[in-house]
Amino acid sequence: MRRHRSPAAVLLATAALLAGALTAAAPAVAAPAPETGTAAAARVVPAAEQRDAAGFWTAERMRGATPLDLRPTPARLAALKAPEPGGETATVAPTAASADAVGPLAFPQAGGAWTGGGAVVKTSGRVFFTFQGRTASCSGNAVTSQNQSTVITAGHCVKYQGSWHTDWVFVPAYDNGQAPYGRWTATKTLTTPQWEASEDINHDIGAAVVAPLDGRKLTAVTGAQGIQFNGGYNKPMYAFGFPAASPYDGSKLVYCSGNSSKDFLFSQDHGLGCNMTGGSSGGPWFTGFSEATGTGLQVSVNSFGYTFLPNRMFGPYFGNEAQALYDRAQTS
């Protein structure tokens, strides 16, 4: 008897054929035992690694870092857990440093270089780390925080395929191998317990606390974007990142904009028309974004795309779990 498969089963089968995670080139690097708890999972970076990380990331190594691209497998899709519902909207305002005004840009935009100025140029940056023996890259964003040292990124940009990344640095306003505002080394990297336990893409959110540089804290140098939790779906969004896979090369800050929608397939993520590629993971999504100042409220990060649904990016909903992660990071 011939069996007819449901649409979901067909999509899962398609994903099985097309999806594939980035393969490791070497055995996983040993890392200290992570902290555990219900609020977030975290890795405390050893002092020696902190001292060496900034110097490790030369211009040549940054240019050669492999973009880390998340490809959810059917098993991961089948095990998704929705973000905890019912939280009240919580908003933290931007504390942006002074920046040049931005001229009007295209909306919607499926992917193009950010040609204006504004605060987002300094708060956004590339993230570099060692992943299972190879140099790799993502994106990240500095947000308002009690410690003035918190970077928000994707969960797979701090821990992936069972190992915590090492040699982790944030390079705000990265410019083709140059670090105009320095290389900021992580003292702690964190992710949600759901990502730690099963790499659930609904909770693909990470954070890092970075050490002071030349006696100054991160957001005193770069300014900081706002952040919002439990803000709802279906609203105008701007997404930023440093895609490094073809047709991009990681040298420029790229943005997408448009009206977002809730994923109608497997996740509870936001969806946005966007052609950014690997390396953009962890870059910020903003609601209430002002092109005049380059500031907004971060409500998600670039996370993944379905291989059978090109030119659409998905990012996790910032609910109660994301807020707990942020609270732990900003008080570390």
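Residue numbers run from 1 in the order of the sequence given.
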Counting distance only, does the side-chain N/O of Ser137 pair as donor-acceptor with the main-chain N or O of Gly279 below 3.5 Å? no
Strictly by modelled atom types, are Glu321 and Thr192 linked by a side-chain donor-acceptor pair under 3.5 Å? no
I'd like to know if Phe242 and Val254 are part of one continuous hydrophobic network [Ile/Leu/Val/Met/Phe/Trp/Tyr, side-chain heavy atoms within less than 4.5 Å]. no
Nearest heavy-atom contact between Ser303 and Pro316 is CB-CD, 3.7 Å
Keeping the roles fixed (side chain from Thr153, backbone from Ser139), state whether a donor-acceptor pair exists under 3.5 Å. yes
Measure from the side-chain N and O atoms of Asp204 to the backbone N and O of Gly155, and report whether any donor-acceptor pair falls under 3.5 Å. yes
Would you call the rings of Trp195 and His156 parallel, tilted or perpendicular if under 30° counts as parallel and over 60° as perpendicular? tilted
Quick check against the 3.5 Å criterion: does Trp168 have a side-chain atom that pairs as donor or acceptor with the backbone of Cys157? yes
Would you say that Lys122 contacts Pro172 through its side chain, given a criterion of any heavy-atom pair below 4.5 Å between the two side chains? no
Does Thr219 reach the side chain of Thr150, with side-chain heavy atoms less than 4.5 Å apart? no
Taking side chain as C-beta onward, heavy atoms only, is Ser267 less than 4.5 Å from Tyr306? yes
Quick check on the hydrophobic clustering: are Leu272 and Ile205 connected, directly or via other members, by side-chain heavy-atom contacts under 4.5 Å? no
Which of parallel (below 30°), tilted (30 to 60°) and perpendicular (above 60°) describes Phe318 and Phe229? parallel
Look only at the side chain of Ser260 and the backbone of Lys235, and say whether a donor-acceptor pair between them is shorter than 3.5 Å. yes
If you round to the nearest 0.5 Å, how far is OG1 of Thr191 from CG of Leu325? 6.5 Å
Just by distance, no angles: are the side chains of Arg61 and Thr130 close enough, under 3.5 Å, to form a donor-acceptor pair? no
For the CD atom of Gln228 and the CD atom of Gln323, what is their distance to the nearest 0.5 Å? 10.5 Å
Donor-acceptor check, side chain of Arg312 to backbone of Gly305, threshold 3.5 angstrom: yes or no? no
Distance-only side-chain donor-acceptor flag, Asp249 / Ser251, under 3.5 Å: yes
Mind checking whether Val143 and Trp285 sit in one hydrophobic cluster, side chains of I, L, V, M, F, W, Y counted as touching below 4.5 Å? no
Working to the nearest 0.5 Å, report the span between CG of Leu213 and OH of Tyr181. 13.5 Å
Closest approach of His270 to Ser300 (non-hydrogen atoms, all atoms of both residues): CD2-CB, 3.9 Å
Does Met313 reach the side chain of Ser280, with side-chain heavy atoms less than 4.5 Å apart? yes
Could you check whether any side-chain N or O of Gln50 sits under 3.5 Å from a backbone N or O of Asp52, counting only pairs where one atom can act as donor and the other as acceptor? no
Might you point out which heavy atoms bring Gly223 and Ala142 nearest each other, and give the distance in Å? O-CB, 4.0 Å
Quick one: sort the Phe314 and Phe304 rings into parallel, tilted or perpendicular, breaks at 30° and 60°. parallel
Do Thr185 and Val45 have side-chain heavy atoms sitting under 4.5 Å apart? no
What I'd like to find out is whether the side chain of Asn202 reaches to under 4.5 Å of the side chain of Tyr317, using heavy atoms alone. no
Nearest heavy-atom pair of Pro243 and Lys252: which atoms, and what distance? CD-O, 4.4 Å
With a 3.5 Å distance limit and no angle check, can you tell me whether Tyr233 reaches the backbone of Asp269 through a side-chain donor-acceptor pair? no
Is there side-chain contact between Asn176 and Arg63, with at least one heavy-atom pair below 4.5 Å? yes
If you take all heavy atoms of Arg328 and Ala41, which pair is closest and at what distance? NH1-N, 4.2 Å
So, does Gln330 use its side chain to make a donor-acceptor pair with the main chain of Gln146 at under 3.5 Å? yes
Would you say the ring centroid of Tyr174 lies under 6.0 angstrom from that of Phe128? yes
Roughly how far, to the nearest 0.5 Å, is CZ of Phe129 from OG1 of Thr135? 9.5 Å
If you measure from CZ on Phe286 to CG on Asn141, what distance do you get to the nearest 0.5 Å? 4.0 Å
What heavy-atom pair brings Asn147 and Val209 nearest, and what distance separates the two atoms? ND2-CG1, 3.8 Å
Once rounded to the nearest 0.5 Å, what's the spacing between atom CD of Glu199 and atom CD of Gln194? 13.0 Å
Okay, side chain of Trp57, backbone of Asp167: is any donor-acceptor separation there less than 3.5 Å? yes
Is there a side-chain contact between Thr144 and Gln225 (heavy atoms, below 4.5 Å)? no
Which label fits Tyr238 and Tyr255: parallel for a plane angle under 30°, tilted from 30 to 60°, or perpendicular past 60°? parallel
